[in-house]
Amino acid sequence: MNVHSPNVPSPSSASDTFIIDGVPYPALAKPLQPNWIAAAARAGFDLIGRARDANHGVLRCRTCATDALVRISVIRDATPLCHACIHDRRSRAAKAIGAELIAKCPDHRHYGLFRLPCGHVVRRQYTRVEAAADGGHALGCEDCRAARDDEAARDFGWALVGPATSGRAGYRDYRHQCGHVQSISVGNMRWGDCTCAACGEGWAAKPSFIYLFRIDLPGMSVLKLGYSARPAKRLRHQLGLNRSVSSEVIRVLALSSGNLAVREEKACHRYMRDAHPELVLPKRVFGDAINTKGEIYHLRAEPLLHALIDGVTARSRSAANIAQISTALRATAT
Ligand SMILES: [Zn+2]
Ligand SMILES: [Zn+2]
Ligand SMILES: [Zn+2]
């Protein structure tokens with residue numbers, strides 16, 4: 001492959017070959033008009049020859065030196081673009097937010113396939129990826145999000161089915177443990193604030209529990225602080241513990257409502273993250289042995305967690321009347 005002299009290709013150039021996208025194209029012994037060369041230069045290319053047929057010229061990008069077959073009419077009348085440079089720009093945008101551009105989307109030229117930091121591959125519009133990189137945002141992952149929504153729902157006896165059949169924004173379809181499927185807002189589900197239309201079982205208004213649970217993983221014992229409607233019964237199953245793993249419910253505190261239990265439990269985790277991050281165990285420490293994303297603590301945290309639960313106990317006793325009144329109000333409002 002040679003760079004041809006611009007205006008008058010030498011006779012020998014007819015035997016030259018351009019390799020474009022890995023495909024060889026014999027150079028055609030046809031002239032290059034000065035106005036095409038000038039137009040190509042304005043767009044950032046050198047017009048280096050003609051190939052394929054009388055309608056195509058070969059442009060070499062002045063930025064990345066990639067050769068491309070472009071219609072003469074596009075070179076002359078429009079602004080050609082370098083697809084290699086565009087691909088490079090999109091790859092860099094993806095990289096900036098921890099993702100990787102792995103392929104073009106076969107069914108839409110504005111979309112690419114990206115591997116996210118979590119490992120999932122998603123289809124995204126290029127302009128959105130570049131906007132995310134410019135704004136320093138991450139790309140959301142539907143699969144991870146669905147896993148989080150499902151995990152949150154399981155605490156309340158629901159399982160995520162998928163997007164809401166109603167199509168309503170912010171809603172998902174969930175299946176209640178009675179089998180009934182219903183559309184519920186993700187925000188409400190996070191707090192268990194929903195009632196099954198089939199069996200009428202509302203978790204939020206029912207008594208619930210905060211529990212402290214010790215799990216003896218091979219080589220390491222850890223603590224889990226959580227809330228549940230039926231802690232003793234469901235804990236092992238809910239946390240997906242292996243048969244060989246022994247566990248013990250260390251403490252259970254009954255509260256007047258699920259909402260109260262969720263709020264108090266979240267406050268405890270927040271306190272631990274802020275004040276004692278060294279006692280919070282990251283997911284990579286316990287991995288798949290416990291089916292939860294977090295809220296697992298070092299065994300050393302036990303006295304602190306007891307003290308936090310003592311605080312909840314004191315608050316719930318003094319607020320018992322208020323909680324009952326607000327629960328009753330919520331029940332009548334829905
Ligand atoms: Zn280029
Ligand atoms: Zn993901
Ligand atoms: Zn139900």
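Quick caveat, the model's predicted, so the values are computed rather than measured. Order of appearance sets the numbers: ligands from 1, and atoms from 1 within every ligand. The figures here come from the full heavy-atom set of this structure, side chains too, leaving out hydrogens, waters and symmetry mates.
With respect to Glu142 and Arg124, a salt bridge is recorded, a charged nitrogen being found less than 4.0 Å from a carboxylate O. A salt bridge is absent between Arg172 and Asp150; no separation between the charged side-chain nitrogens and carboxylate oxygens falls under 4.0 Å.
With the Zn ion (ligand 3) as vertex, Cys196 SG and Cys178 SG subtend 110°, rounded to 10°. Take the Zn ion (ligand 1) as the corner point: the lines to SG of Cys61 and to SG of Cys82 open at 110°, to the nearest 10 degrees. With the Zn ion (ligand 2) as the vertex, SG of Cys118 and SG of Cys144 span 110° to the nearest 10°.
When the shell of 6.0 Å around CZ of Arg175 is examined, it contains 12 or fewer heavy atoms from other residues, nucleotides or ligands.
A chain of hydrophobic side-chain contacts below 4.5 Å, direct or via other Ile, Leu, Val, Met, Phe, Trp or Tyr residues, connects Val280 to Leu304.
Residue contacts to the Zn ion (ligand 3): His176 brings an N, O or S atom closer than 2.8 Å. Residue Cys85 counts as close to the Zn ion (ligand 1), with an N, O or S atom under 2.8 Å.
Taking the Zn ion (ligand 2) as reference, the nearest N/O/S atom within His120 carries the name ND1.
Just one of Tyr174, Trp158, Tyr171 meets the side-chain contact (heavy atoms from CB on, under 4.5 Å) condition when paired with Gln182; it is Trp158.
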